[in-house]
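The structure appears below as structure tokens.
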Amino acid sequence: MNPQGEDPYLEARMGMVERQIKARGVTNPLVIKAMQEVPRHEFVPEPDRRLAYADRPLPIGRGQTISQPYIVAYMTELLRLCGGENVLEIGTGCGYQAAVLSRIARTVYSIEVYPELADRARDNLRRLGYDSIEIICGDGTMGWPEHAPYDGIIATASGPDVPDPLKEQLAMGGKLVMPVGEYRFGQYITRVTKGKGDHFNQERLLDVAFVPLIGKHGWPK
Ligand code: SAH
């Protein structure tokens with residue numbers, strides 16, 4: 001918003017949703033609305049703010065990146081949220097994905113391993129009025145058992161495998177979405193759905209390249 005209360009990026013954001021998100025097959029109206037509403041430029045640090053609606057990931061400090069808009073929308077859609085859910089995110093980064101989730105879910109818990117990123121995300125979200133999101137600093141591969149079970153879990157960094165504690169913290173019928181694969185390249189978005197008798201259905205979806213998930217059930221630092 002500028003002092004006149006106008007959003008100078010509104011057109012860029014609507015264009016992003018049309019060309020990068022709807023045109024590539026994202027159809028869930030809740031996801032589309034969330035991507036139209038959340039001011040991505042407010043989360044992208046300078047000097048890259050003017051690129052906030054470009055079709056690419058961008059640096060957010062500490063060698064980390066905010067994912068390409070399409071990937072944020074695609075992973076959110078894979079959670080199959082209908083509204084009102086309890087969701088966990090691993091890898092808060094700048095807080096953008098958490099903000100998108102919070103437009104759909106009832107509560108969003110998010111874990112970030114780097115304190116400076118967690119602090120900045122908290123400031124961003126508070127400043128913009130997203131008050132249904134709680135952030136802690138720690139190893140997200142252990143999950144956040146106090147608020148479990150989760151209807152949806154999303155990890156925005158890629159690990160060698162889906163961490164067991166995260167699977168355990170899923171609700172029955174809940175879905176977990178995360179990139180899994182090699183250390184830097186050769187990863188794919190994976191979706192795990194928890195069924196009866198602790199049976200997990202695992203799907204291997206889109207090819208991607210994400211920053212590494214570190215921590216106990218991630219890659220060594
Ligand atoms: N969802 C973020 C994307 C951040 S990139 C956004 O919208 O901006 C992935 C993030 O995962 C990085 O900030 C990185 O520091 C964090 N990360 C890596 N390993 C982690 C772990 N074990 N626990 C929590 N966060 C982790």
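Here the structure is a predicted model, which means the values were calculated and not measured. Whatever order the structure lists ligands and atoms in, that order sets their numbers, starting from 1. For reference, positions follow the sequence shown, starting with 1. Atom set for the values below is all heavy atoms of this structure, side chains included, hydrogens, waters and symmetry mates excluded.
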For atom 5 (S) of ligand 1, the option (of Ile154, Leu213, Thr65, Ile90) bearing the nearest heavy atom:
Thr65
Donor-acceptor check, side chain of Gln20 to backbone of Tyr70, threshold 3.5 angstrom: yes or no?
no
Report yes or no: does Pro212 have a heavy atom closer than 4.0 Å to ligand 1?
yes
Work out whether the distance between some heavy atom of Cys94 and some atom of ligand 1 is less than 4.0 Å.
yes
What protein heavy atom sits nearest atom 21 (C) of ligand 1, and how far off is it?
Gly140 N, 3.7 Å
Does a side-chain N-to-carboxylate-O contact under 4.0 Å join Arg106 and Glu85?
no
To the closest 0.5 Å, what do you measure between CD (Glu37) and NZ (Lys33)?
4.0 Å
When only distance counts, is Ala157 in polar contact with ligand 1, meaning an N/O pair under 3.5 Å?
no
Distance-only, no hydrogens or angles: does the Asn86 side chain make a donor-acceptor pair with backbone N or O of Pro149 under 3.5 Å?
yes
Subset of ligand 1 atoms that lie under 4.0 Å from at least one heavy atom of Thr141
22 (N)
Short version for Arg62: what comes under 4.0 Å of ligand 1, heavy atoms counted, is neither
Hey, are Asp7 and Arg13 close enough for a salt bridge, meaning a charged N less than 4.0 Å from a carboxylate O?
yes
Ring geometry between Tyr109 and His147 (parallel below 30°, tilted from 30 to 60°, perpendicular above 60°)
parallel
Quick one: nearest non-hydrogen protein atom to atom 9 (C) of ligand 1, plus distance?
Thr156 O, 3.3 Å
How far is atom 12 (C) of ligand 1 from its nearest protein heavy atom, and which residue and atom name does that atom have?
Gln64 OE1, 3.3 Å
Is there a polar contact, in the sense of an N or O pair closer than 3.5 Å, between Ile214 and ligand 1?
yes
Per-atom contacts, ligand 1 versus Leu117 - under 4.0 Å to a heavy atom:
13 (O)
Among Tyr53, Tyr9, Tyr96, which one satisfies side-chain hydrogen bond (donor to acceptor under 3.5 Å, both in side chains) with His41?
Tyr53
Taking atom types as modelled, find out whether Thr92 and Glu112 have a side-chain donor-acceptor pair closer than 3.5 angstrom.
no
Given Asn124, Ile60, Ile136, Thr92, which has its nearest heavy atom closest to atom 6 (C) of ligand 1?
Thr92
Out of all atoms in ligand 1, which are within 4.0 Å of some heavy atom of Ile111? Include the element for each.
24 (C), 25 (N)
Going by an N to O cut-off under 4.0 Å, is there a salt bridge joining Arg120 and Asp123?
no
So, Asp55 and Arg24, do they make that salt bridge, N to O below 4.0 Å?
yes
Under 4.0 Å from one or more heavy atoms of Val211, ligand 1 contributes atoms 5 (S), 9 (C)
Return yes if some donor-acceptor pair links the side-chain N/O of Gln187 with the main-chain N/O of Phe210 below 3.5 Å, else return no.
yes
Tell me, which protein residue and heavy-atom name are nearest atom 25 (N) of ligand 1, and how many Å apart are they?
Val113 N, 3.2 Å
I would like to know whether Asn201 and Thr193 meet side chain to side chain donor-acceptor pair (under 3.5 Å); could you show each step before the answer?
CA-CA 5 Å; Asn201 177 47; Thr193 305; 4.8 Å; no
Do Gln97 and ligand 1 have an N or O pair less than 3.5 Å apart?
yes
At what distance is the nearest protein heavy atom to atom 11 (O) of ligand 1, and which residue and atom is it?
Gly91 CA, 3.2 Å
Do me a favour and list the nearest non-hydrogen protein atom to atom 13 (O) of ligand 1 with residue, atom name and distance?
Glu112 OE1, 2.7 Å
Give a yes or no answer on whether the side chain of Glu77 reaches the backbone of Met75 with a donor-acceptor pair at less than 3.5 Å.
no
Residue part near ligand 1, for Tyr114, under 4.0 Å between non-hydrogen atoms:
side chain
For Gly138 and ligand 1, answer yes if some heavy atom of the residue is under 4.0 Å from a ligand atom, otherwise no.
yes
Whether His217 lies under 4.0 Å from ligand 1, heavy atom
no
Is Val100 in contact with ligand 1, taking contact as a heavy-atom separation below 4.0 Å?
no
